[in-house]
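Naming convention: chains lettered A, B, ... in sequence-line order (proteins, then strands); numbering from 1 in each chain.
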Amino acid sequence: DVKVTQSSRYLVKRTGEKVFLECVQDMDHENMFWYRQDPGLGLRLIYFSYDVKMKEKGDIPEGYSVSREKKERFSLILESASTNQTSMYLCASSYPDSYQPQHFGDGTRLSIL
Amino acid sequence: AQSVTQPDIHITVSEGASLELRCNYSYGATPYLFWYVQSPGQGLQLLLKYFSGDTLVQGIKGFEAEFKRSQSSFNLRKPSVHWSDAAEYFCGGDNQGGKLIFGQGTELSVKP
């Protein structure tokens with residue numbers, strides 16, 4: 001079974017802090033994704049990566065950056081956290097073909113105070 | 001612009017009743033289509049997917065979905081809902097090499 005593991009289920013940080021969210025997958029998937037989920041807005045894509053050291057902006061990249069130094073790990077970075085980044089963050093991974101489904105982690109609920 | 005729309009934000013059905021969750025897509029060509037379910041505090045789990053062939057696809061947990069090109073729809077159905085089906089359901093479409101666009105989600109409540 002595919003396993004996508006997010007390092008924290010709940011995280012509380014302060015405004016202005018640099019925040020790291022970590023995601024690891026064990027299926028050798030090329031593609032990895034970061035989404036944020038907000039009520040009434042569904043899932044919105046922040047960044048995605050098709051390969052090591054490769055990244056592309058999604059629909060809402062402002063205030064975020066990512067790092068993919070190894071194939072199995074994809075990190076989301078909030079450079080200077082703000083209260084409007086309080087949200088549920090979901091990581092996913094998949095094989096590169098369009099018909100391959102994405103596999104999701106359990107999410108990190110991040111609160112910025 | 002490409003989009004996926006779930007018109008119903010919240011649906012309540014009685015246990016044992018049938019269920020239909022609506023999903024409409026707007027793409028230049030037929031995208032690959034997926035339905036996911038999210039239980040409280042969990043990530044998304046794939047229910048089923050469509051990418052070609054038979055327009056009626058079967059998924060896990062007794063769900064099925066029908067692709068209708070003429071209506072640009074991919075509605076999710078279940079003949080008899082169980083209390084454990086209470087969750088949020090997301091429809092998604094992909095025609096860009098692995099990048100999904102999701103609908104806003106439909107929250108399902110089940111009455112005893």
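- Only the side chain of A:Leu45 comes within less than 4.5 Å of a heavy atom of chain B; its backbone N, CA, C and O stay farther away.
- Interface remark: B:Leu44 contributes backbone and side-chain atoms alike to the contact with chain A (heavy atom separation under 4.5 Å).
- A:Gln37 is listed as a side-chain neighbour of B:Glu88, based on a closest heavy-atom distance under 4.5 Å.
- Of all non-hydrogen atoms in B:Lys49 and A:Pro101, the two that sit nearest each other are NZ-CD, 3.7 Å.
- The shortest distance between side-chain heavy atoms of B:Gln104 and A:Leu41 does not fall below 4.5 Å.
- Heavy-atom distances place no part of A:Arg44 under 4.5 Å from chain B, backbone and side chain included.
- Atom CD1 of B:Ile9 has 12 or fewer neighbouring heavy atoms from other residues, nucleotides or ligands inside a 6.0 Å radius.
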> Hey, mind stepping through A:Tyr35 and B:Leu100 against side chain to side chain contact (heavy atoms under 4.5 Å, CB included) and telling me if it holds?
Replying inline: CA-CA 11 Å; A:Tyr35 297 89; B:Leu100 270 175; 3.9 Å; yes
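- Proximity to chain A is limited to the side chain of B:Tyr36, based on heavy atoms less than 4.5 angstrom apart.
- Taking hydrophobic clusters as Ile, Leu, Val, Met, Phe, Trp and Tyr residues chained together by side-chain heavy-atom distances below 4.5 Å, A:Phe33 does not share a cluster with A:Leu76.
- Note that the CG atom of A:Leu90 and the CZ atom of B:Phe102 stand 9.0 Å from one another [nearest 0.5 Å].
- Of the two parts of B:Gln6, neither the backbone nor the side chain holds a non-hydrogen atom closer than 4.5 Å to a non-hydrogen atom of chain A.
- In this structure, A:Met54 is not a member of the same hydrophobic cluster as A:Tyr47, with clusters built from ILVMFWY side-chain heavy atoms closer than 4.5 Å.
- Contacts of residues 11-21 of chain A with chain B at a heavy-atom distance below 4.5 Å are absent; not one residue qualifies.
- For A:Glu30, no part lies under 4.5 angstrom from a heavy atom of chain B.
- Side-chain heavy atoms closer than 4.5 Å link hydrophobic residues (I, L, V, M, F, W, Y) into clusters, and following such links, even through other members, never connects A:Phe74 to A:Val24.
- Hydrophobic clustering of Ile, Leu, Val, Met, Phe, Trp and Tyr side chains at less than 4.5 Å, counting indirect connections, unites A:Phe48 with B:Phe90.
- Between the CG atom of B:Asp94 and the OG atom of A:Ser94 there is a distance of 8.0 Å, given to the nearest 0.5 Å.
- Scanning residues 104-113 of chain A against chain B with a 4.5 Å heavy-atom cutoff picks out A:Phe104, A:Gly105, A:Asp106, ordered by number.
- In this structure, A:Tyr95 is not a member of the same hydrophobic cluster as A:Met32, with clusters built from ILVMFWY side-chain heavy atoms closer than 4.5 Å.
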